[in-house]
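Reviewing the structure listed below.
Every value quoted in this text rests on a predicted model; they were computed, and no experiment measured them. A note on names: the letters A, B, ... follow the listed sequences, proteins ahead of strands, and every chain is numbered from 1.
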Amino acid sequence: MNHWLLKSEPDVYSWDDLVREKVGRWDGVRNYTARNNLIAMKKGDLGFFYHSNIGKEIVGIMKVVKEAYPDPTDEKGKFVCVNVAPVEKFIRPVTLAEVRAHPKLHNLLLLKQNRLSVMPIGVDEWNILCDLGNGNFTR
DNA sequence: GCCAACGTTGGC
DNA sequence: GCCAACGTTGGC
């Protein structure tokens with residue numbers, strides 16, 4: 001199983017919106033690197049939900065419930081989307097500042113590739129971030 | 001609102 | 001195929 005991080009501006013589509021919908025369509029991606037990551041997702045993979053711009057924090061964990069298919073919002077038919085469902089909300093969100101300050105998270109693509117909206121997360125980093133989100137600070 | 005990073009487009 | 005110009009994203 002692979003792990004991911006997906007960004008959304010919460011005033012456009014937030015964690016609460018996903019919870020309300022129960023299953024959300026992760027569409028609107030218009031970047032080839034991000035698209036390739038969407039295509040690589042398998043059903044059951046887990047991903048962090050990151051609020052960009054407003055909040056700048058990881059707010060919860062979701063899972064892939066439908067693998068990549070053509071994005072209906074892309075009239076040119078080049079891009080894809082997946083369906084995701086909420087798994088759990090973090091007890092406390094993990095902020096970008098916190099990620100940046102953590103000695104073991106310096107290689108996260110979140111820091112290195114600012115603008116990438118769909119990215120893979122290594123399992124070690126995944127576990128660290130989950131611990132932080134669940135209020136467990138042991139390292 | 002500004003700016004840095006970086007992806008995309010188009011001219012050559 | 002290169003590169004300048006431009007547009008977009010996202011943090012501050």
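- By the side-chain contact (heavy atoms from CB on, under 4.5 Å) test, A/Lys43 pairs with A/Glu67, sequence neighbours left out.
- Residues meeting the side chain to side chain donor-acceptor pair (under 3.5 Å) test with A/Thr33, sequence neighbours left out: none.
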Which donor-acceptor pairs under 3.5 Å do side chains of residues 10-25 of chain A form with protein atoms, sequence neighbours excluded?
unit_1, atom_1, unit_2, atom_2, d
A/Tyr13, OH, A/Glu21, OE1, 2.7
A/Ser14, OG, A/Asp16, N, 3.3
A/Ser14, OG, A/Asp17, N, 3.2
A/Ser14, OG, A/Asp17, OD2, 3.2
A/Asp17, OD1, A/Arg20, NH1, 2.7
A/Asp17, OD2, A/Ser14, N, 2.9
A/Arg25, NE, A/Asp27, OD2, 2.9
A/Arg25, NH2, A/Asp27, OD2, 2.8

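- Annotation: side chain to side chain donor-acceptor pair (under 3.5 Å) contacts involving residues 108-128 of chain A, sequence neighbours excluded, comprise A/Asn107-A/Lys112.
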Between the protein and nucleotides 9-12 of chain C, which nitrogen or oxygen pairs are less than 3.5 angstrom apart?
unit_1, atom_1, unit_2, atom_2, d
C/dG11, OP1, A/Tyr50, OH, 2.9
C/dG11, OP2, A/Asn53, N, 3.0
C/dC12, OP1, A/Arg100, NH1, 2.5
C/dC12, OP1, A/Arg100, NH2, 3.3

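- In terms of the side-chain contact (heavy atoms from CB on, under 4.5 Å) criterion, residue partners of A/Asn53 (sequence neighbours excluded) are, by chain and number, A/Glu9.
- Straight-line distance from the NZ atom of A/Lys76 to the P atom of B/dT8: 12 Å, rounded to whole Å.
- The ring pair (Phe, Tyr, Trp, His ring centres under 6.0 Å) search around A/Trp4 returns none, not counting sequence neighbours.
- Classification of A/Arg35 and A/Asp71 as a salt-bridged pair fails, no side-chain N sitting under 4.0 Å from a carboxylate O.
- Residues A/Leu6 and A/Val29 are not in side-chain contact: their nearest non-hydrogen atoms beyond the backbone lie 4.5 Å or more apart.
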Listed pairs, N/O of protein and of nucleotides 1-5 of chain C, under 3.5 Å:
none

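- Each ring-ring contact (aromatic ring centres under 6.0 Å, His included) pair with one or both residues in residues 75-94 of chain A, not counting sequence neighbours, appears once here: A/Tyr32-A/Phe79, A/Phe48-A/Phe90.
- Under the rule for a side chain to side chain donor-acceptor pair (under 3.5 Å), A/Asn2 has no partner lying at least two apart in sequence or in another chain.
- For DNA chain B, the neighbouring residues in residues 26-38 of chain A, judged by any heavy atom under 4.0 Å, are A/Asn31, A/Tyr32.
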